[in-house]
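Take a look at the structure set out below.
Counting convention: from 1, in listed order, for ligands and their atoms alike.
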Amino acid sequence: MRAVVMGAGSWGTATAKVLSDAGTDTTLWCRREELAERINASHTNSDYLAGITLPANLTASSDVAEALTDADLVVCAVPAQSLRSNLADWRAHLNDDATLVSLAKGIETSTLMRMSEVIAEVAEVPDDQIAVLTGPNLAREVAEGQPAATVIACTDLGRAERLQQTFNTGYFRPYTNTDVIGCEIGGAVKNVIALACGMASGVGFGQNTLATIITRGLAETIRLSAAVGGQIETLAGLAGIGDLVATCSSPLSRNRTFGAHLGQGATMEEAQAAASGQVAEGVKSCTSVTALAEKYQVSMPLTEAVNRVCHDGLPVADAVSSLLGRKTKPEFLPGES
Ligand SMILES: NC(=O)c1ccc[n+]([C@@H]2O[C@H](COP(=O)([O-])OP(=O)(O)OC[C@H]3O[C@@H](n4cnc5c(N)ncnc54)[C@H](O)[C@@H]3O)[C@@H](O)[C@H]2O)c1
Ligand SMILES: O=P(O)(O)OC[C@H](O)CO
């Protein structure tokens with residue numbers, strides 16, 4: 001088994017470390033040759049995970065053909081909105097039998113497609129060769145070897161089980177799932193809800209508000225996932241509530257931090273500048289998730305409010321008033337969460 005992780009940002013680097021620690025021969029592909037050389041020389045990726053020592057057997061490369069040739073496992077670790085163009089560049093070098101694993105938590109804005117759908121279309125591989133890895137996995141904590149669990153979802157359970165062994169280490173524990181849709185919707189929507197939690201904490205609201213946003217955010221996630229074809233139980237697991245709790249609570253989350261800047265009164269440009277080039281997927285996915293909800297006629301008021309703050313200039317205070325000013329309703333409606 002030879003694995004390649006395509007993308008050397010925070011999570012790509014941490015995932016390559018997990019694979020190496022699990023005993024898998026792994027290459028980390030970097031866009032910049034200079035970064036690949038630095039990683040090989042210093043065994044650190046100081047641009048994204050400063051202070052973390054990478055395994056000596058983990059090698060970096062900026063050569064797409066060299067990285068992908070003979071790779072049995074291709075882990076896609078670039079942001080959701082650039083996955084399509086990257087895959088188009090990589091396609092010619094992909095091994096026909098390779099398993100493709102998606103790490104990105106987002107919905108493509110131009111097509112409203114999930115990442116596994118983008119991979120199937122662009123790489124022209126069947127669904128059962130595509131898996132999704134998702135869960136409460138803040139990159140720095142995983143890279144430090146702190147205990148965490150994850151979900152590996154694939155419509156082919158046998159493939160998911162083989163991947164489970166490939167990623168399993170003493171600190172990183174994968175569970176399998178065959179509900180790819182539920183896992184992907186969970187991963188994409190939690191970033192939007194984390195933006196809302198960040199906004200609330202930036203304004204100065206406390207734990208009651210955060211718990212309310214997380215819980216009602218989960219209700220939105222379940223409604224959308226069910227409409228698209230996912231299973232409700234998935235959202236009661238690591239890919240749903242697990243990831244929501246981690247991302248909405250942690251100062252390490254880029255989405256929560258981005259939202260906190262907005263809640264403190266920063267402009268979108270200022271919040272973007274503070275992110276230092278690291279991706280907060282929810283900023284773009286709030287638009288695609290809102291559109292997906294409209295397409296499936298699902299009510300997602302928190303998501304819609306985040307989208308209006310990020311892209312229509314709605315002040316955070318007005319978003320709060322409009323959410324609280326909605327008509328009251330039962331917590332659970334028949335056929336709805
Ligand atoms: N960081 C985390 O804790 C974490 C955990 C789980 C999942 N994820 C998800 O993983 C995905 C990648 O996140 P990350 O944390 O590694 O992001 P990052 O911002 O740390 O790094 C992104 C990587 O993609 C590359 N990149 C950026 N724009 C690109 C483009 N247009 N074309 C090609 N490459 C490009 C960058 O050079 C970098 O290597 C995201 O969807 C994120 O939601 C992140
Ligand atoms: O830093 P964020 O907000 O992109 O979140 C990171 C991970 O997705 C947490 O599981």
Side-chain angles (χ1 to χ4, degrees), residues 5-18 28-36 38-39 45-50 52 60 62 64 75-90 101-108 114-116 118-119 132-144 146 148-152 167 172 183-184 186-198 238-261 271-272 275-286 288 306:
V5 178
M6 302 297 288
S10 316
W11 189 221
T13 304
T15 302
K17 179 176 185 293
V18 166
L28 178 61
W29 174 78
C30 313
R31 275 199 299 178
R32 288 174 288 141
E33 188 178 350
E34 171 270 325
L35 179 60
R38 255 193 299 138
I39 290 174
N45 181 349
S46 53
D47 289 3
Y48 288 95
L49 285 176
I52 301 290
S62 60
V64 171
V75 180
C76 303
V78 293
Q81 308 306 330
S82 62
L83 179 61
R84 178 177 293 273
S85 61
N86 279 290
L87 266 175
D89 294 341
W90 305 339
V101 176
S102 164
L103 300 186
K105 294 175 175 173
I107 299 290
E108 194 174 51
R114 292 175 284 107
M115 296 298 103
S116 62
V118 173
I119 293 174
V132 167
L133 186 150
T134 187
N137 299 149
L138 294 149
R140 175 160 288 277
E141 293 185 7
V142 172
E144 285 173 355
Q146 295 187 34
T150 201
V151 183
I152 295 178
F167 282 91
F172 195 68
C183 284
E184 288 189 300
V189 180
K190 69 88 191 176
N191 283 333
V192 180
I193 302 306
L195 281 167
C197 283
L238 295 160
I241 187 66
D243 207 358
L244 267 172
V245 170
T247 314
C248 293
S249 325
S250 174
L252 289 177
S253 160
R254 283 89 45 95
N255 288 286
R256 185 188 193 277
T257 303
F258 196 106
H261 285 295
Q272 204 79 63
S276 312
Q278 293 215 32
V279 66
E281 293 278 26
V283 173
K284 288 189 175 148
S285 284
C286 62
S288 43
V306 169

Quiz item: Any side-chain donor paired with an acceptor under 3.5 Å for Arg31 and Ser62?
Solution: no
Self-check item: Spacing of CG belonging to Leu133 relative to CH2 belonging to Trp11, to within rounding of 0.5 Å
Solution: 6.5 Å
Quiz item: Is there a donor-acceptor contact under 3.5 Å from the side chain of Ser253 to the main chain of Ser250?
Solution: no
Quiz prompt | Residue, atom name and distance, where the atom is the protein heavy atom closest to atom 24 (O) of ligand 1 | solution = Pro79 CD, 3.3 Å
Self-check item: Heteroatom distance test (Ala139, ligand 1): nitrogen or oxygen, under 3.5 angstrom
Solution: yes
Quiz item: Tell me, do Met115 and Leu83 make a side-chain contact under 4.5 Å, heavy atoms counted?
Solution: yes
Quiz item: Nearest to atom 11 (C) of ligand 1, what protein heavy atom do you find, and at what distance?
Solution: Ala104 CA, 3.9 Å
Quiz item: Given Leu103, Leu252, Thr13, which has its nearest heavy atom closest to atom 9 (C) of ligand 1?
Solution: Leu103
Quiz item: Does any N or O atom in Val279 lie less than 3.5 angstrom from one in ligand 1, N or O only?
Solution: yes
Quiz prompt | Which segment of Ser10 sits under 4.0 Å of ligand 1 when only heavy atoms are counted | solution = both
Quiz prompt | Arg254 and ligand 1 - part of the residue with a heavy-atom distance under 4.0 Å | solution = side chain
Quiz prompt | Protein heavy atom at shortest distance from atom 4 (O) of ligand 2 | solution = Arg254 NH2, 3.0 Å
Exercise. For Thr13 and Ala8, indicate whether the former's side chain and the latter's backbone hold a donor-acceptor pair under 3.5 Å.
Key: yes
Quiz prompt | Numbered atoms and elements of ligand 2 in range of Asp243, under 4.0 angstrom, heavy atoms | solution = 9 (C), 10 (O)
Self-check item: Pair Val75-Met6, side-chain contact (heavy atoms from CB on, under 4.5 Å): steps then yes or no
Solution: CA-CA 6 Å; Val75 180; Met6 302 297 288; over 6 Å; no
Quiz item: Under 3.5 Å, is there a donor-acceptor pair linking the side chains of Ser288 and Glu108?
Solution: no
Quiz prompt | ligand 1 N/O within reach of Gly277 N/O, cut-off under 3.5 Å | solution = no
Quiz item: Less than 4.5 Å apart, any side-chain heavy atom of Val101 and any of Cys76?
Solution: no
Quiz item: Heavy atoms, side chains only, cut-off 4.5 Å: are Ile152 and Val132 in contact?
Solution: no
Quiz prompt | Ser116 and Glu184: side chain donor to acceptor below 3.5 Å | solution = yes
Exercise. Could you list the atoms of ligand 1 found under 4.0 angstrom from a heavy atom of Gly12?
Key: 16 (O)
Practice problem: Return the residue, atom name and 0.1 Å-rounded distance of the protein heavy atom closest to atom 12 (C) of ligand 1. | Solution: Ala77 O, 3.9 Å
Quiz item: How does Glu281 reach ligand 2, by side chain, by backbone, by both or by neither, if only non-hydrogen atoms under 4.0 Å count?
Solution: neither
Quiz item: Side chain or backbone of Gln278 under 4.0 Å from ligand 1, or both, or neither, by non-hydrogen atoms?
Solution: both
Practice problem: Report yes if Gly9 has an N/O atom closer than 3.5 Å to an N/O atom of ligand 1; otherwise report no. | Solution: yes
Quiz item: Should we count CD of Glu33 as having more than 12 external heavy atoms under 6.0 Å?
Solution: no
Self-check item: Euclidean distance, Ile52 CD1 relative to Asn45 CG, rounded to 0.5 Å
Solution: 10.5 Å
Quiz item: What atoms of ligand 2 come within less than 4.0 Å of a heavy atom belonging to Asn255?
Solution: 2 (P), 3 (O), 4 (O)
Quiz item: Relative to ligand 1, is Glu281 under 4.0 angstrom through side chain, backbone, both or neither, heavy atoms considered?
Solution: side chain
Quiz item: Do the side chains of Asp243 and Leu238 get nearer than 4.5 Å, heavy atoms only?
Solution: no
Quiz item: ligand 1 versus Asn86, non-hydrogen atoms closer than 4.0 Å: side chain, backbone, both, neither?
Solution: side chain
Quiz item: Does ligand 2 have an atom under 4.0 Å from some heavy atom of Arg256?
Solution: no
Quiz item: Which atoms of ligand 1 have any heavy atom of Val78 under 4.0 Å away?
Solution: 24 (O), 34 (N)
Quiz prompt | Lys105 and ligand 2 - part of the residue with a heavy-atom distance under 4.0 Å | solution = side chain
Self-check item: Atom indices of ligand 1, in the order listed, that fall short of 4.0 Å to a heavy atom of Tyr48
Solution: 18 (P), 20 (O), 21 (O), 36 (C), 37 (O), 38 (C)
Quiz item: Side-chain donor-acceptor pair under 3.5 Å between Ser285 and Asn191, yes or no?
Solution: no
Quiz item: So, is Gly135 polar-close to ligand 2, with some N/O to N/O distance under 3.5 Å?
Solution: yes
Self-check item: Check: Phe172 and Asn137 side chains under 4.5 Å, non-hydrogen atoms
Solution: yes
Practice problem: Check whether any side-chain heavy atom of Asp89 sits under 4.5 Å from a side-chain heavy atom of Val64, and report yes or no. | Solution: no
Self-check item: Nearest neighbour in protein (non-hydrogen) for atom 31 (N) of ligand 1
Solution: Ser82 CB, 3.3 Å
Practice problem: Around atom 16 (O) of ligand 1, find the nearest protein heavy atom and jot down its residue, atom name and distance. | Solution: Trp11 N, 3.0 Å
Exercise. Would you mind telling me if ligand 2 is within reach of the side chain of Thr247, the backbone, both or neither, using heavy atoms under 4.0 Å?
Key: side chain
Exercise. Looking only at protein heavy atoms, identify the closest one to atom 35 (C) of ligand 1 and say how far it is in Å.
Key: Arg31 CZ, 3.3 Å
Quiz item: In terms of atom number and element, which parts of ligand 2 are under 4.0 angstrom from non-hydrogen atoms of Lys190?
Solution: 5 (O), 6 (C), 7 (C), 8 (O), 9 (C)
Quiz item: Should you measure from each heavy atom of Lys105, which atoms of ligand 1 turn up under 4.0 Å away?
Solution: 6 (C), 7 (C), 41 (O), 43 (O)
Quiz item: Would you say the side chain of Arg38 lies within less than 4.5 Å of the side chain of Arg32, judging by non-hydrogen atoms?
Solution: yes
Practice problem: Can you figure out which of Asn137, Leu138, Asn191 has its heavy atom closest to atom 5 (C) of ligand 1? | Solution: Asn137
